[in-house]
Amino acid sequence: MTIRRQYLLPNCNLIVEGLSSQDESAADRPLLAIAINVECHFQGRQQILSGGKAFIQNLTAAASAYAQEYLSGLPRSQEPQTEEDRVQIQPREGRHCLIWQPGSKGQAQPVEIELATMELFDLVEAIDQLAADRQTLPDLQLSLEPLHRRHRRPEEPLTQRAAPLAMAPPG
Amino acid sequence: MSDSARVMSDLPTVEPSQPLVFETLSDFGFGDRPCPSAIGQKLDLLLLAIEALQLGGTEYMLAMTQELGLPKIIRNRVVLWRLRCTNPWRHSHSRRYLSLDEARALAAVLTHLARRLTALIRQLLLSEQKLRQKGLPLDNHFRLANYLDQFRSHFRSRMNPRRAKVAAYLESPDQLNQLALSLLNQLLFCTGTAGTQRLWLSLFDGEVG
């Protein structure tokens, strides 16, 4: 059975379509165990990001790590990702540049979307809601550990140490 | 009294060994060691931002400690004040460090209060974004200007100008506004489904190992 689940925020809509395992299909809210297609829409933008299991895994890892980087002000090296549907997020002039490489590298031009902080937060929140939903993709894990003290920067003003990305004019 | 009520009242009260809200907040190997001072500083500044958003912030913080089952850790206003004075920038810096449970309690209180203020935080950040796009000064928006005024006023009255970094902020209202906005952006991330866990993890970035 095909199931469709939606995580809707003011600026971001994450839609997961997938299959339930047969024995779960009769339940009130069956388990969506296997992702077939995932779409990520941002309000007011035509570009839709989409893919399968690799896409949602990479999007989750990139958005989650970047959110932590934003909160602590310490850059994180992004987790190694599968070759397919790579996703990266980088700070760019007070905004947040999401770069998605559809398919395998070289198959298509990478897609870049510049996000304001509120859009970034809504993406992270949609992903956190998905991760908290035990009936949808239970294998999707958010595993983050704090950075080692060797990553700490020398003393500097808190506005720089705490949230460098928030300092430039936001979009 | 009905039979069922009598049975209920005869049951011994079993309190959980730790507040439920702590369950997802790891100790990251710190064990019984105190938290680094940067954690007390960051928590106090985020609480200062909440006070600037909401008149009577301390009362709301104390009420939230009750709601979250934390009164053993934050018993009253004086204890709350002492915990916040672990911020080394404070006039009345206590020269002590937060225990892990004290830090957990402050993080839980602030993220749950931030969640209640979600609409206001989003409104202020959206207004800031629009004003900047139009090249207009931030005090064109009454509610945003009020937040920045309140934050600057709280910061001035509570932080120690003999600390070099505090003095630098006090000399520059623009820098202080930037600090207030940076904290407001961070509060936005505290409002989410995993806001408490995300804040908690971020506090330990660069502090473990």
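Numbered from 1 within each chain, the chains take letters A, B, ... in sequence-line order. Because only heavy atoms are used, hydrogens play no part in the values below, and waters and symmetry mates are left out as well, while side chains stay in.
The residue from A:Arg150, A:Arg149, A:Arg152 that alone fulfils the salt bridge (charged side-chain N to carboxylate O under 4.0 Å, His left out) condition with B:Glu207 is A:Arg152.
Counting all heavy atoms, side chain and backbone alike, B:Arg198 lies closest to A:Ser64 at NH2-OG, 2.9 Å. Counting all heavy atoms, side chain and backbone alike, A:Thr117 lies closest to B:Asn185 at CG2-OD1, 3.3 Å. Shortest non-hydrogen contact noted between B:Ser202 and A:Ser72 is O-CB, 3.6 Å. Nearest heavy-atom pair across A:Arg76 and B:Asp205 is NH2-OD1, 2.9 Å. Nearest heavy-atom pair across B:Gln129 and A:Ala116 is OE1-CB, 3.9 Å.
When the shell of 6.0 Å around OH of B:Tyr97 is examined, it contains 12 or fewer heavy atoms from other residues, nucleotides or ligands. Other residues, nucleotides and ligands contribute only 12 or fewer heavy atoms inside 6.0 Å of the CG atom of B:Asp32. The number of heavy atoms from other shown groups lying within 6.0 Å of CZ (B:Arg96) is above 12. Sparse packing is recorded around OH of B:Tyr60, with 12 or fewer heavy atoms of other residues, nucleotides or ligands lying under 6.0 Å away. Within a 6.0 Å radius of CD in A:Gln6, more than 12 heavy atoms belonging to other residues, nucleotides or ligands are found. Counting non-hydrogen atoms of neighbouring residues, nucleotides and ligands closer than 6.0 angstrom, the CZ atom of B:Arg82 reaches no more than 12 such neighbours.
Aromatic ring pairs are classed by plane angle as parallel below 30°, tilted from 30° to 60° and perpendicular above 60°; the pair A:Tyr70 and B:Phe189 is tilted.
Proximity to chain B is limited to the side chain of A:Leu142, based on heavy atoms less than 4.5 angstrom apart. For a residue to count as touching a neighbouring chain, one of its non-hydrogen atoms must lie under 4.5 Å from one of that chain's; by this rule B:Leu126 touches chain A with backbone and side chain alike.
With chain A as partner, the option from B:Gly209, B:Ala164, B:Ala194, B:Gly206 having the largest number of non-hydrogen pairs under 4.5 angstrom is B:Gly206.
Remark: the backbone N or O of B:Thr193 is paired with a side-chain donor or acceptor of A:Glu125 at under 3.5 angstrom.
Atom CD of residue B:Gln197 and atom CD of residue A:Gln68 lie 10.0 Å apart, to the nearest 0.5 angstrom.
Inter-residue side-chain proximity for B:Phe28 and A:Glu145 is flagged as met; some heavy-atom pair is nearer than 4.5 Å. Here the side chains of B:Arg122 and A:Asp122 are in contact, with some heavy-atom distance below 4.5 Å.
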